[in-house]
Amino acid sequence: MLSIFSLAIAMTLTLIDTHGRRIRKLRISLTDQCNLRCQYCMPVDATFIAKDSYLRPQEYQAIAQELVELGLEEIRLTGGEPLLRQDFLEIATRLAQLPLKKIGLTTNGVFLDRYLEALWQLGIHHLNISLDSLNPDNFQRITHGDRLDTIKDHIHQARSQGFRIKINMVVMRGINDHEIGEFVEYAKALDIDVRFLELMRIGYACETQGDRFISAQELLKCLKTHYHLTPLSQPEDSTSFNFVTDCGARIGFIASESQPFCGHCSRWRLSADGILRACLLKTDGRSLKNTTLAHRQGLYRDLLEMKPYLRPSEVPHAMYQIGG
Ligand SMILES: Nc1nc2c(ncn2[C@@H]2O[C@H](COP(=O)(O)OP(=O)(O)OP(=O)(O)O)[C@@H](O)[C@H]2O)c(=O)[nH]1
Ligand SMILES: C[S@@+](CC[C@H](N)C(=O)[O-])C[C@H]1O[C@@H](n2cnc3c(N)ncnc32)[C@H](O)[C@@H]1O
Ligand code: SF4
Ligand code: SF4
């Protein structure tokens, strides 16, 4: 039931930006902290924002509710590592009460087992899990962590419980590009999706991206020498373009460098300390911390003018700082 005030807002504001793109997805970063240190994302000596600057569970709920009334359909919880957030379940429970079409979670999977039951009960059934190597030594090199078996075990448990799982693999030349065939077989064996991500020029990764970048088209060409690929349809605001292989594996490519998808971008992002941004690759945003509903209405209007039409080439902040 809309309050009179929020009804008035809903009548004057719709989430359509200045280029006609409808904002229907919000990615919420719950923390910038992480228990891994993926070499393209976070330096080993990363510094983090103070925990007392985090938005509180009630604030997430209030903001999300307003945006739902304006047309928001999906929320994805991300970070940093969202499952490190102490009050993760309270936040997830509050968001799950809203009339959303979907809530997803993007996680490194290390603590996933602790939350599977609750996530299932809350209707959060879409899990995107980062996994850049199936080889323990290589996994350690990339993430500075030795949790490969744990993560694989959690992926297996989640799949057995019925969760929809997409694996995100950032493919890097000379680091893990020799493993893409193994990932296709892994996806097939577990009946899960795998998406190959291009290494993005964002934050810390800008230093090494030039040498390690490998395009989706190059990967596709390589995979086509082993598999016959049939294209799959996807929503127009999908980050990935997808195929099914003749062995039955579902694979996708997120080519945010070589084939940007800004023209159909439908996402806003909310950082752990409450900065709402119209684009992953823009530093500027609007702080929603300590604001009233009336104030936020103006900030939402500002945001509708802040999403770039063309993809910015790079940005100094890292993915974990803004919410990947
Ligand atoms: N350029 C760009 N890349 C994005 C954006 N959103 C996600 N990505 C890329 O896609 C990767 C995977 O994102 P996920 O968290 O798995 O989400 P997704 O499944 O792609 O997104 P939804 O379908 O919206 O839930 C990220 O790590 C980024 O590399 C975006 O808005 N812009
Ligand atoms: C920042 S993480 C946050 C969620 C969680 N910690 C995880 O790893 O899934 C979200 C996604 O961003 C991706 N990512 C981080 N830095 C990236 C970069 N420079 N290029 C491409 N993807 C990147 C990760 O691979 C991961 O799939
Ligand atoms: S990609 Fe995810 S798991 Fe890896 S360091 Fe960044 S936030 Fe942590
Ligand atoms: S770069 Fe910005 S505008 Fe383009 S798809 Fe990503 S978030 Fe959207």
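Atom set for the values below is all heavy atoms of this structure, side chains included, hydrogens, waters and symmetry mates excluded. Whatever order the structure lists them in is the order used to number ligands and atoms, beginning at 1.
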The closest protein heavy-atom partner of atom 31 (O) of ligand 1 is Arg267 NE, 2.7 Å

Between Val170 and ligand 2, find which residue part has any heavy-atom pair under 4.0 Å and reply side chain, backbone, both or neither.
-> side chain

Measure from the side-chain N and O atoms of Ser240 to the backbone N and O of Asn242, and report whether any donor-acceptor pair falls under 3.5 Å.
-> no

Who gets closest to atom 14 (N) of ligand 2 by heavy atom: Met200, Met319, Arg76?
-> Met319

Looking only at protein heavy atoms, which one is nearest to atom 16 (N) of ligand 2, and how far off is it?
-> Tyr40 CD1, 3.4 Å

Could you tell me whether some N/O pair between Glu81 and ligand 2 is separated by less than 3.5 angstrom?
-> yes

Hey, is Met319 one of the residues with a heavy atom under 4.0 angstrom from ligand 1?
-> yes

Does ligand 1 have an atom that lies less than 4.0 angstrom from a heavy atom of Arg27?
-> yes

Quick note on ligand 4: atoms under 4.0 Å from a heavy atom of Leu280 include exactly 2 (Fe), 7 (S)

Measure the distance from atom 9 (C) of ligand 1 to every protein heavy atom, then report the residue, atom name and distance (to 0.1 Å) of the closest one.
-> Ile254 CG2, 3.8 Å

Numbered atoms of ligand 1 (with element) below 4.0 Å of Leu280, judged on heavy atoms = 2 (C), 3 (N), 4 (C), 32 (N)

Gap between atom CD1 of Ile28 and atom CG of Leu55 - 0.5 Å precision | 8.5 Å

Would you kindly say whether Thr107 and Glu81 are connected by a side-chain donor-acceptor distance under 3.5 Å?
-> yes

Heavy-atom contacts with Ala205 under 4.0 Å: which atoms of ligand 2 show up? List them by number with element.
-> 19 (N)

With backbone taken as N, CA, C and O and side chain as the heavy atoms from C-beta onward, which portion of Gln209 lies under 4.0 Å from ligand 2: side chain, backbone, both, or neither?
-> neither

Ignoring hydrogens and geometry, is there a side-chain-to-backbone donor-acceptor pair from Asn176 to Asn138 under 3.5 Å?
-> no

Below 4.0 angstrom from a heavy atom of Asn108, which ligand 2 atoms are there? Numbered from 1 as shown, please.
-> 5 (C), 7 (C), 9 (O)

Got the closest protein heavy atom to atom 19 (O) of ligand 1, with its distance?
-> Asn128 ND2, 2.9 Å

Backbone N/O of His228 and side chain of Asp246: donor-acceptor pair under 3.5 Å = yes

Lys/Arg-Asp/Glu bridge criterion (N-O < 4.0 Å) met for Asp17, Lys307 | no

Can Lys166 and Asp193 be counted as an ion pair, charged N to O under 4.0 angstrom?
-> no

To the nearest 0.5 angstrom, please state how far the CZ atom of Arg85 sits from the OH atom of Tyr54.
-> 6.5 Å

To the nearest 0.5 Å, tell me how far Glu59 CD sits from Arg56 CZ.
-> 4.0 Å

Do any N/O/S atoms of Cys265 come under 2.8 Å of atom 8 (Fe) of ligand 4?
-> yes

Return yes when Glu198 approaches ligand 1 closer than 4.0 angstrom through a heavy atom, no otherwise.
-> no

Distance from atom 23 (O) of ligand 1 to nearest protein heavy atom, with residue and atom = Lys25 NZ, 3.1 Å

Counting only heavy atoms, which portion of Thr107 has something under 4.0 Å from ligand 2: side chain, backbone, both, or neither?
-> backbone

Identify the residue among His264, Arg22, Arg24 that makes a side-chain hydrogen bond (donor to acceptor under 3.5 Å, both in side chains) with Asp237.
-> Arg24

For Asn168, is at least one N or O under 3.5 Å away from an N or O on ligand 1?
-> yes

If hydrogens are left out, which of Gly80, Cys206, Cys34 has an atom nearest to atom 6 (N) of ligand 2, that is, the closest non-hydrogen atom?
-> Gly80

Short question: side chain of Glu198, backbone of Phe213 - any donor-acceptor pair under 3.5 Å?
-> no

What do we get for Arg269 next to ligand 1 when only non-hydrogen atoms under 4.0 Å count, side chain, backbone, both or neither?
-> side chain

Ile254 side, atom CD1; Arg195 side, atom CZ - distance, nearest 0.5 Å | 4.0 Å

Presence of N, O or S from Cys262 under 2.8 Å of atom 4 (Fe) of ligand 4 = yes

Going by the atom numbers of ligand 4, which of them fall below 4.0 Å from some non-hydrogen atom of Leu281?
-> 1 (S)

If you scan protein heavy atoms around atom 7 (C) of ligand 1, the nearest is Thr239 CG2, 3.8 Å

Count the heavy atoms belonging to other residues, nucleotides or ligands that lie under 6.0 Å from CD of Gln86, then report whether that count exceeds 12.
-> no

SB check Lys102 Glu73 (cutoff 4.0 Å) = no

Do side-chain atoms of His295 reach the backbone of Leu288 as a donor and acceptor pair under 3.5 angstrom?
-> no

With a cut-off of 4.0 Å, which atoms of ligand 1 are near a heavy atom of Phe261?
-> 1 (N), 2 (C), 3 (N), 32 (N)

In Å and rounded to the nearest 0.5 Å, what is the CG to CG distance from Asn35 to Leu84?
-> 4.5 Å

Look at the aromatic rings of His19 and Tyr309 and report parallel, tilted or perpendicular, splitting at 30° and 60°.
-> tilted

Between Arg195 and ligand 1, is there a nitrogen or oxygen pair with a distance under 3.5 Å?
-> yes

Nearest neighbour in protein (non-hydrogen) for atom 27 (O) of ligand 1 = Leu197 CD2, 3.6 Å

Which segment of Glu74 sits under 4.0 Å of ligand 1 when only heavy atoms are counted = neither

Give, for atom CG of Leu30 and atom OG of Ser271, the distance between the pair rounded to the nearest 0.5 Å.
-> 11.0 Å

Protein heavy atom at shortest distance from atom 29 (O) of ligand 1 = Met200 SD, 3.4 Å

The atoms of ligand 2 lying under 4.0 Å from a heavy atom of Asn168, numbered in the order shown, are 27 (O)

Heavy-atom pair with the smallest gap, counting every atom of Ala278 and Met306 | CB-C, 3.7 Å

Would you say Glu198 contacts ligand 2, with heavy atoms under 4.0 Å as the rule?
-> yes

Looking only at protein heavy atoms, identify the closest one to atom 2 (Fe) of ligand 4 and say how far it is in Å.
-> Cys279 SG, 2.3 Å

For ligand 2, which atoms, with element, lie under 4.0 Å from some heavy atom of Thr78?
-> 3 (C), 4 (C)

Proximity of Thr78 to ligand 1 by residue part, where a heavy atom lies under 4.0 Å = neither

In the protein, which heavy atom is nearest to atom 25 (O) of ligand 1, and how far is it?
-> Arg76 NE, 2.7 Å

For Gly79, the ligand 2 atoms whose distance to one of its heavy atoms is below 4.0 Å = 1 (C), 3 (C)

Proximal atoms of ligand 4 relative to Phe261 (non-hydrogen, under 4.0 Å) | 5 (S)

Taking the side chain as C-beta and beyond, is there a heavy-atom pair between Tyr320 and Pro43 under 4.5 Å?
-> yes

Atom NE2 of His156 with >12 non-hydrogen neighbours under 6.0 angstrom = no

Nearest to atom 27 (O) of ligand 2, what protein heavy atom do you find, and at what distance?
-> Ser130 OG, 2.9 Å

